[in-house]
Protein chains: 2
Amino acid sequence: MGVPLYQAKAEFFRTLGHPARIRILELLAERDHAVHELLEQIAIEPSNLSQQLAVLRRTSMVVSRRQGGQVVYSISVPEVRDLLLAARTILVGLAEAQAEFEDDLIVTRD
Amino acid sequence: MGVPLYQAKAEFFRTLGHPARIRILELLAERDHAVHELLEQIAIEPSNLSQQLAVLRRTSMVVSRRQGGQVVYSISVPEVRDLLLAARTILVGLAEAQAEFEDDLIVTRD
DNA sequence: ACAAGACTTGAAAAAGTCTTCAATCCATCA
DNA sequence: TGATGGATTGAAGACTTTTTCAAGTCTTGT
């Protein structure tokens, strides 16, 4: 038997827990990108990008192939797209709840 | 204007990126739990549990209320349940792909 | 008022992650 | 072959998170 599922889940979410990796996955969810294309979209140094790509590769969330002089990445888990959308929905919901609470504070003040 | 959305997403996923926090959310997704009840289910020291609950509270993923001598926690973002299910599906998919690849290795060997 | 159970806090040490740098690899083109 | 553009690697240092400990709060029952 392997690792408990709750631990695998934690590792999986931790992999998503970095702004550059989120950007990478969002871009790859649209279409495959060469590394230099990712580099144009994400404000980060080349070697840092490589390190983040390596993290995603190790967890099998992306795969790379060499195409002549460049390396092209694709997402290997398209379902991640749904996860990113779900997160967006939740975050917007939390932000709204927060704003409401702040309104209450103002309305209720004194 | 606030934080870029991709950064908020990363923070959100980082919050999910810990085994104890996953367990807590799974238990709270079922029903509210007092801290001592969580403690029975999760192999962790009381003060560590408190620290993890504090992380979830800071990010507004759970709320607590005192009920006499004990403190009861509830999930404030029920949609997290879907996220945990989606992660399970993805992980099972990845594990299967992995297993297939290993079969290939064996079949192809020599 | 005191003791006991339930929980939280702050702070220090341990463990883990992120960023950056220099070195390297690999394919193409002059 | 040597130079160039594109990408990766390993390792060091900075930074963050996790764990643990001792001390403290709050509520109930005696």
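These numbers were taken from a predicted model, which means no experiment stands behind them. Excluded from the calculations below are hydrogen atoms, water molecules and symmetry mates; all remaining heavy atoms, backbone and side chain alike, are included. Chain naming here is simple, since letters A, B, ... match the order of the sequence lines and numbering starts at 1 in each.
The distance between atom CD of A/Gln51 and atom C1' of C/dC21, rounded to the nearest whole Å, is 11 Å. Between the P atom of C/dG16 and the CZ atom of A/Phe13 lies a distance of 21 Å, rounded to the nearest Å. At whole-Å resolution of the value, CD1 in B/Ile44 and P in C/dC7 are 14 Å apart. In this structure, the CG atom of B/Leu38 is 9 Å from the P atom of C/dC7, given to the nearest Å. Atom-to-atom, CD of A/Gln70 to C1' of C/dC25 comes out at 16 Å; the value is rounded to the nearest Å. Distance CD (B/Glu45) to P (C/dA13): 18 Å, rounded to an integer number of Å. Between B/Gln52 atom CD and C/dT8 atom P the separation is 12 Å, expressed in whole Å. As a whole-Å value, the separation of B/Leu56 CG from C/dC7 C1' is 16 Å.
Checked for salt-bridge contact, A/Glu30 and A/Arg81 miss the test: no charged N lies under 4.0 Å from a carboxylate O. At a threshold of 4.0 Å, the pair B/Glu26-B/Arg21 does not count as salt-bridged, since none of the basic side-chain nitrogens sits closer than that to a carboxylate oxygen.
With hydrogens and angles disregarded, a donor-acceptor distance shorter than 3.5 Å links the side chain of B/Ser76 to the backbone of B/Ser60. The backbone N or O of A/Ala34 sits less than 3.5 Å from a side-chain atom of A/Glu37, completing a donor-acceptor pair.
Place A/Val55 and A/Gln67 on DNA chain C by their nearest nucleotides, and A/Val55 ends up nearer the 5' end. If A/His18 and B/Asn48 are placed on DNA chain C by their nearest nucleotide, the residue sitting closer to the 5' end is B/Asn48.
To the nearest 0.5 Å, atoms OH (B/Tyr73) and CZ (B/Arg57) are separated by 4.0 Å. Note that NE2 of A/His18 and CD of A/Gln51 are 10.5 Å apart. Values are rounded to the nearest 0.5 Å.
Here the range on DNA chain D touched by chain B, meaning any atom under 4.0 Å from one of its heavy atoms, is D/dT17 to D/dT28.
For the pair B/Arg57 and C/dT9, the criterion of a side-chain N or O lying under 4.0 Å from OP1 or OP2 is met.
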| field | Residues B/Ile75, B/Val63; criterion side-chain contact (heavy atoms from CB on, under 4.5 Å); working and verdict | value | CA-CA 6 Å; B/Ile75 202 160; B/Val63 294; over 6 Å; no

